[in-house]
> 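Have a look at this one.
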Amino acid sequence: MKTSRTTKSLITTFGAIAALCVASNAMAAPSGLIPLPAEMKMARGHFQVGNQTVVCVTNPSSQGTADYLKGLVKALRGIDLASGACGTSTITLDLDATAPVEAAEGYSLTVTAKGVVIQSRAEAGLFYGAVTLGQLLSPDDHFGQPVTLEGLSIKDYPQYAWRGLMIDSARHFLPVVDVKTMIDQMAQHKLNSLHLHLSDDQGWRVEIKRYPNLTRIGAWRTPPSNGGPGVPTEPYGGFYTQDDIRDLVAYAAARHITIVPEIDMPGHAQAAVASYPEIGIRDLRNGGDQPTVSTDWGVNPYLFNTDETSLAFIRNVLDEIMAIFPSTYIHVGGDEAVKNQWEKSPAIQAQIKALGLKDEHELQTWFIDQLGAYLNSKGRRLIGWDEILEGGIPQTAAIMSWRGTDGAIKAAQAGHDVVLSPTNPLYFDNQQSRRNDEPAARGWVVPLEDVYKFDAMPAVLTADQGKHVMGAQANLWSEYLMSGWYVQHAAFPRTDALAETLWSPKSTRNWKSFLTRLPVQMVRYRQQNIGASDAAFAVDFTTVDGRNVALASGKAKLALSNQVASGVIRYTLDGSEPTASSKVYNKPIDVTLGQTVIATAFTKDDLKLAGPDRYDFTAASLLTRTSQELTACGKGALGLRTPLTPDSPAKAPVYNIDIFDSCWMYPEVRRDGVTSVTIDIARLARNYGLANEASKVLTHPRNTPFGELVVYRDTCAGAEEARIPLTNPATTPNVTTLNATLPSVTGDHALCLIFTAPLDGPYYAIDTVRLNQK
Ligand code: ACM
């Protein structure tokens with residue numbers, strides 16, 4: 001048997017999943033399959049795949065799948081497969097209407113000494129078999145070398161029909177090339193539904209030929225000001241032409257992915273109303289006006305009108321949308337439509353009365369029903385966010401539940417089809433850890449394991465009600481995902497966990513097994529230049545007895561760990577990057593002030609999992625807290641991890657903020673010998689639409705025109721230790737450093753840090769707080 005050393009050793013290491021397989025001989029199962037197939041048996045024999053191994057089809061219609069497989073194997077493994085006639089020693093793609101597999105998406109895959117045979121009743125199943133083969137052939141980074149496949153028999157099919165991701169092209173426009181990268185990765189994860197969020201307050205992103213202003217005006221916005229010099233003035237934006245969409249739809253279809261478009265209505269409509277004020281609330285004295293495209297994230301007040309002018313406009317838009325998106329489902333939004341404009345508009349109130357409706361919520365249901373009936377008349381189906389249940393379930397609607405799972409449960413119990421995308425854990429725009437290298441994101445932590453443990457089937461549903469659960473999707477809202485790299489970083493590897501929860505039978509799902517298969521997938525990401533996050537495996541450093549004890553004694557026991565408690569951590573103390581022969585970490589290490597620890601997690605077979613990560617054990621680092629290490633004062637904190645510039649596609653510095661209160665706690669620290677504080681701050685645009693929540697933003701009294709950063713001892717009601725005036729934003733750089741002397745105190749004390757800058761000016765954020773000893 002010819003097997004490269006690395007391949008062989010990986011197979012041994014990751015053989016943990018053999019426990020999940022019914023092994024007919026002593027051989028271990030392959031290592032890098034995600035999602036795990038439904039059934040898998042090892043068998044006798046083996047088959048070598050290398051350059052010129054032939055891929056053949058028994059039906060010419062499968063040639064696209066054969067070509068896809070060739071491209072995949074070339075990209076993942078550097079092997080050039082050939083096309084040719086089926087025979088012995090070929091990879092055979094056999095489309096057979098009578099194949100003994102689950103319908104449509106199911107497939108079987110066998111590896112024997114005679115070759116590989118993938119069978120399915122439909123092209124989709126053959127395609128998924130090809131994806132599995134691509135994974136079998138890429139267990140390591142031995143690019144270009146032949147692979148010996150062990151004898152194997154797989155029968156596979158998905159648990160859920162809707163396996164999706166949502167990309168928000170509205171908040172930050174994602175160019176076609178980046179959407180294609182995401183489609184490629186979705187295909188490699190056997191996901192089949194790409195929901196494109198194409199309109200919102202901050203941008204309209206699809207060409208509608210009948211209404212050119214939607215993209216002439218609605219696709220562009222002027223960046224928000226942070227009050228200072230050097231604010232970008234170039235409009236930010238972009239949109240997909242109808243040709244772009246046709247290209248994307250075809251690209252996705254070739255990978256058995258349906259693109260579901262979303263036009264968000266009646267709320268999140270500001271870009272549309274900015275383009276065509278006549279479809280908004282036109283009574284200027286009663287809540288309506290002509291807005292510009294918003295730069296405020298959150299909830300903005302502009303709603304579509306529900307009169308015939310507006311409905312005719314929407315039908316025309318939907319006609320063009322349906323012409324370019326062949327999907328059965330058309331998403332019409334329905335989320336976060338604060339009803340203030342409808343409440344204030346006499347015309348809307350008259351319409352509510354004339355229709356015999358109770359209130360604005362019932363009007364929303366009526367409005368959604370109008371759209372649903374229209375879509376039905378064209379052979380399509382409506383899907384909307386769970387708010388559309390608030391005025392009674394629209395007859396024709398399927399529900400996408402984001403505010404937890406209650407909406408999905410209620411709708412499924414009432415006989416409506418549902419898709420789950422609850423904020424926790426399926427809002428992938430949340431950060432993945434509390435590490436300092438986390439990029440911009442929403443502020444909650446949604447770790448990999450939470451995604452893995454998510455079960456799309458709510459336990460309260462009966463078997464019959466459960467049939468309405470079509471599946472689930474993760475959402476990549478893009479307020480803080482400013483480019484393809486950010487989207488990839490947020491999506492991967494959490495999408496691996498999502499894919500397995502949606503594809504693999506519950507009985508085979510196992511977190512530990514998943515972790516043994518993920519390292520190979522991380523190699524695939526590196527191979528394909530995908531910006532996957534390594535937060536799960538990166539090494540974190542903790543002083544076992546706390547930083548104050550370390551500060552007092554000048555030494556500490558340092559614990560090294562990673563989020564998923566997986567892999568072998570190796571470290572150095574001489575400043576060099578750890579290698580596969582560096583010391584293995586197995587218990588807390590003794591360090592003294594001045595030492596530097598560098599650590600990296602590897603697999604048992606020396607595959608690097610993340611890092612290296614560095615920790616400088618110094619008095620200065622023990623006295624420093626980054627914004628990730630400060631805690632928000634506010635109980636109802638709306639935590640965000642925001643970039644310095646809201647629209648920069650480049651990697652930018654990031655700051656944790658709480659949009660309701662610019663107040664932060666530095667946890668208790670040993671103050672002996674501390675004489676001053678140095679605080680790096682950043683001035684950000686205050687670009688948040690808070691609708692009815694705006695009055696909850698706390699203001700703090702100031703003594704000078706631009707406010708101050710005030711430092712209190714122990715609590716925010718404690719002794720004022722420093723009050724550092726902020727200077728005129730118009731002439732102050734975006735990033736500055738504040739210094740103040742601190743009174744001499746001993747013992748452990750917390751600090752409260754409050755910005756008193758006025759709410760109609762920029763938002764100030766803390767980067768790091770450093771306490772200085774003499
Ligand atoms: C949503 O997050 N507003 C669907």
Side-chain angles (χ1 to χ4, degrees), residues 162 164-172 193-205 260-272 294 296-304 329-340 361 364 367-368 371 382-391 393-394 397-411 416 418-431 441-444 446 451 454 470-481 487 490-491 494 498 638-640 659 687-693:
W162 187 300
L165 290 180
M166 189 213 74
I167 288 175
D168 172 8
S169 292
R171 273 52 176 268
H172 284 104
S193 179
L194 171 59
H195 167 179
L196 273 189
H197 183 75
L198 290 168
S199 75
D200 215 298
D201 300 312
Q202 300 83 7
W204 183 284
R205 303 285 178 228
V260 176
E262 179 187 353
I263 301 297
D264 204 346
M265 301 175 278
H268 289 285
Q270 189 165 329
S294 181
D296 288 348
W297 312 131
V299 179
N300 292 292
Y302 293 92
L303 299 182
F304 275 87
Y329 284 95
I330 304 288
H331 202 303
V332 301
D335 58 319
E336 298 181 317
V338 286
K339 305 296 188 297
N340 304 15
H361 296 295
Q364 170 153 317
F367 170 81
I368 296 290
L371 308 185
L382 178 150
I383 188 163
W385 300 111
D386 57 79
E387 285 93 331
I388 67 174
L389 299 166
E390 283 169 356
I393 304 184
I399 300 296
M400 189 172 274
S401 195
W402 72 279
R403 298 176 303 171
T405 54
D406 287 356
I409 291 166
K410 190 172 154 197
H416 292 253
V418 301
V419 174
L420 287 92
S421 60
T423 49
N424 186 9
L426 296 188
Y427 271 31
F428 283 5
D429 50 329
N430 280 292
Q431 56 181 343
R442 290 195 203 196
W444 300 332
V446 173
V451 180
F454 173 74
M470 294 192 283
Q473 69 179 36
N475 294 339
L476 293 152
W477 297 105
S478 71
E479 288 91 335
Y480 311 106
L481 308 182
V487 173
R494 288 185 290 199
L498 176 75
L638 203 168
L640 301 170
I659 56 184
N687 57 326
Y688 299 99
L690 296 174
N692 299 337
E693 310 272 283

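In each ligand, atom 1 is the first atom listed, and ligand 1 is the first ligand listed.
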> If you apply the rule side chain to side chain donor-acceptor pair (under 3.5 Å), what do you find for Asn692 with Asn340, and how did you get there?
CA-CA 9 Å; Asn692 299 337; Asn340 304 15; 3.0 Å; yes

> Would you call the rings of Trp402 and Tyr427 parallel, tilted or perpendicular if under 30° counts as parallel and over 60° as perpendicular?
parallel

> Can you find a pair of side-chain heavy atoms, one from Val260 and one from Met166, that are under 4.5 Å apart?
no

> Examine distances only and state if a side-chain atom of His197 and a backbone atom of Glu262 form a donor-acceptor pair shorter than 3.5 Å.
no

> Examine distances only and state if a side-chain atom of Asp264 and a backbone atom of Gly334 form a donor-acceptor pair shorter than 3.5 Å.
yes

> Using modelled atom types only, decide if a donor and an acceptor are shared between the side chain of Ser401 and the backbone of Gly404 within a distance under 3.5 Å.
yes

> Once you restrict both partners to nitrogen or oxygen, which atoms of ligand 1 have a protein partner under 3.5 Å, and how far apart are they?
unit_1   : atom_1 : unit_2 : atom_2 : d
ligand 1 : 2 (O)  : Tyr427 : OH     : 2.6
ligand 1 : 3 (N)  : Asp335 : OD2    : 2.6
ligand 1 : 3 (N)  : Glu336 : OE1    : 3.2

